[in-house]
Protein chains: 2
Amino acid sequence: MPTMTAERRRAEAKREYDAFMADCPSRKLLDRISDKWVALALASLSEGPQRYSELSRRLAGVSQKMLTQTLRTLERDGLVFRVVTPSVPVRVDYELTDLGHSLQETMLVLKAWAEEHMDQVEAARTAYDAAV
Amino acid sequence: MPTMTAERRRAEAKREYDAFMADCPSRKLLDRISDKWVALALASLSEGPQRYSELSRRLAGVSQKMLTQTLRTLERDGLVFRVVTPSVPVRVDYELTDLGHSLQETMLVLKAWAEEHMDQVEAARTAYDAAV
DNA sequence: CTGTATCCGTATAGATACTG
DNA sequence: CAGTATCTATACGGATACAG
């Protein structure tokens with residue numbers, strides 16, 4: 001079914017997958033994408049293809065291990081392309097796939113939400129802590 | 001500025017907060033909300049107020065510890081109300097605040113994304129693993 | 001430049017037992 | 001019913017060293 005509409009796919013998914021269920025594969029997938037580095041990596045790559053070193057700078061404070069691990073998982077899950085240019089030194093670019101692009105928008109919203117509501121959350125915390 | 005528009009608030013946030021920065025408070029907030037249980041709790045509560053036991057059943061597989069911890073954090077961050085009815089036995093209902101409601105929509109999208117793209121992700125994994 | 005490999009402390013999550 | 005308290009395992013993340 002190559003021309004299945006998004007609506008129809010949602011209907012299919014509704015019957016097959018449910019992240020509320022403990023053993024549903026989508027539960028694990030939700031767990032994977034619910035990750036700070038995944039959100040930031042996709043948000044960064046939404047601006048276009050980027051080199052490993054660019055991502056490393058952009059995602060301030062990320063360790064090599066976590067960046068590589070995150071990118072590998074995203075690549076394996078089909079969210080990013082990994083383009084290796086065999087120069088010396090080697091150059092590696094990362095780019096969103098169509099699948100990655102479909103998630104990137106939500107990640108941008110998530111990141112923006114955190115930035116936009118930071119003040120409200122801090123106010124709520126202050127109020128909560130004062131009440132205790 | 002009680003009537004600040006969403007657009008203006010975004011502009012303010014853009015100047016003040018940036019989750020790409022390691023030390024920005026919004027980075028920690030992004031980390032907090034990038035959580036499986038947070039996503040599922042908000043998704044469940046989007047359908048209306050729910051009791052602790054209802055949430056416990058809905059979020060299949062969640063431990064008491066994680067559910068309570070998640071709900072406490074959400075309450076402290078101003079995303080949910082906790083309504084205690086001092087009956088015997090006690091009854092506790094959880095309900096989204098306006099702030100929680102503003103995030104719940106994104107969480108529903110995130111959960112739906114996982115369910116809708118599960119097949120594509122699995123196909124990508126199979127292809128990736130076959131190539132290695 | 002873009003990784004891999006290893007060590008290690010901590011935080012997290014689950015299981016279990018107990019309580020108002 | 002809705003928690004709290006405690007224990008434990010392990011997975012996660014960071015630091016460091018090294019390599020193609």
Side-chain angles (χ1 to χ4, degrees), chain A residues 19-23 27-41 44-45 49-77 80-95 128 131-132, chain B residues 19-23 27-41 44-45 49-77 80-95 128 131-132:
Chain A
F20 280 130
M21 301 291 97
D23 299 334
R27 164 71 71 88
K28 279 200 161 186
L29 182 56
L30 178 62
D31 197 19
R32 267 195 199 282
I33 63 179
S34 295
D35 178 86
K36 174 181 52 179
W37 298 128
V38 168
L40 291 174
S44 185
L45 288 172
Q50 281 162 46
R51 300 185 60 172
Y52 181 89
S53 51
E54 291 180 89
L55 284 166
S56 178
R57 252 174 282 115
R58 200 75 203 289
L59 279 57
V62 70
S63 65
Q64 279 195 334
K65 179 185 171 182
M66 289 315 298
L67 182 56
T68 301
Q69 192 176 104
T70 301
L71 291 170
R72 278 291 172 288
T73 303
L74 290 177
E75 187 197 2
R76 179 166 183 264
D77 288 353
V80 303
F81 283 129
R82 180 166 175 271
V83 184
V84 181
T85 307
S87 53
V88 179
V90 67
R91 172 194 177 116
V92 181
D93 288 85
Y94 290 91
E95 186 180 355
Y128 182 91
V132 178
Chain B
F20 280 131
M21 301 291 97
D23 299 334
R27 164 71 71 89
K28 280 202 159 185
L29 182 55
L30 178 61
D31 197 18
R32 269 195 198 282
I33 63 179
S34 296
D35 178 86
K36 176 182 49 178
W37 298 129
V38 168
L40 292 175
S44 185
L45 288 174
Q50 280 160 48
R51 299 184 62 169
Y52 181 89
S53 51
E54 291 181 86
L55 284 166
S56 179
R57 250 174 284 117
R58 200 74 202 289
L59 278 58
V62 69
S63 64
Q64 280 195 333
K65 179 185 170 184
M66 289 315 298
L67 181 56
T68 301
Q69 193 176 101
T70 301
L71 291 171
R72 279 289 173 289
T73 304
L74 290 176
E75 186 195 2
R76 178 167 183 262
D77 288 353
V80 303
F81 284 128
R82 182 167 175 270
V83 183
V84 181
T85 307
S87 52
V88 179
V90 67
R91 173 194 177 114
V92 181
D93 288 85
Y94 290 91
E95 185 179 356
Y128 182 91
V132 177

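To find a chain, count down the sequence lines: A is the first, B the second, and so on, and within it residues start at 1.
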> What is the per-nucleotide protein-contact pattern of nucleotides 15-20 of chain C, from the 5' end, where B denotes a base atom under 4.0 Å from a protein heavy atom, S denotes such proximity for sugar-phosphate atoms only, and - denotes neither?
Replying inline: B-B--B
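Shown here for A:Ala41 and A:Leu74, the closest heavy-atom pair between the two residues is CB-CD1, 4.1 Å. For A:Arg27 against B:Ala60, the heavy-atom pair with the smallest separation is NH2-O, 2.7 Å. Contact between B:Val84 and B:Val92 at its shortest, heavy atoms only, is CG2-CG2, 4.3 Å. In terms of heavy atoms, B:Thr85 sits closest to B:Val90 at O-CG2, 3.5 Å.
Look at CZ on A:Arg58: it is 20 Å from C1' on C:dT2, rounded to the nearest Å. Put simply, CG on B:Leu67 is 12 Å from P on C:dG14, counting in whole angstrom units. A straight line from CG of A:Asp31 to P of C:dA13 spans 9 Å, rounded to a whole angstrom. Atom C1' of nucleotide D:dG20 and atom OH of A:Tyr52 are separated by 15 Å, given to the nearest angstrom. Residue A:Arg91 contributes atom CZ, which lies 16 Å from atom C1' of C:dG3 at whole-angstrom precision. Between the CE atom of B:Met66 and the P atom of D:dT6 there is a distance of 18 Å, given to the nearest Å. One can place NZ of A:Lys28 at 13 Å from C1' of D:dA11, the figure rounded to the nearest angstrom.
Distance alone, capped at 3.5 Å, places no donor-acceptor pair between the B:Ser44 side chain and the B:Leu40 backbone. Without hydrogens or angle criteria, A:Thr73 side chain to A:Gln69 main chain gives a donor-acceptor distance under 3.5 Å. B:Arg32 places no side-chain N or O within donor-acceptor distance of the main-chain N or O of B:Asp77, the cut-off being under 3.5 Å.
Regarding contacts with the backbone of C:dG3, a side-chain N or O of A:Tyr94 is found under 4.0 angstrom from either OP1 or OP2.
Nucleic acid contact class of A:Asp35 (heavy atoms, under 4.0 Å, all strands): sugar-phosphate only.
Side-chain atoms of A:Leu71 and A:Tyr52, non-hydrogen and from C-beta on, do get closer than 4.5 Å to each other.
Which of C:dG3, D:dG14, D:dA2 sits closest to the side chain of B:Arg51 comes down to D:dA2. For B:Arg82, the listed nucleotide lying nearest its side chain is D:dG3; candidates were C:dG3, C:dC1, D:dG3.
Proximity of residues 68-77 of chain A to DNA chain C (heavy atom under 4.0 angstrom from any strand atom) is restricted to A:Thr68, A:Arg72.
Of the options B:Arg82, B:Glu75, B:Gln50, a side-chain hydrogen bond (donor to acceptor under 3.5 Å, both in side chains) to B:Tyr94 is made by B:Arg82 and by none of the others.
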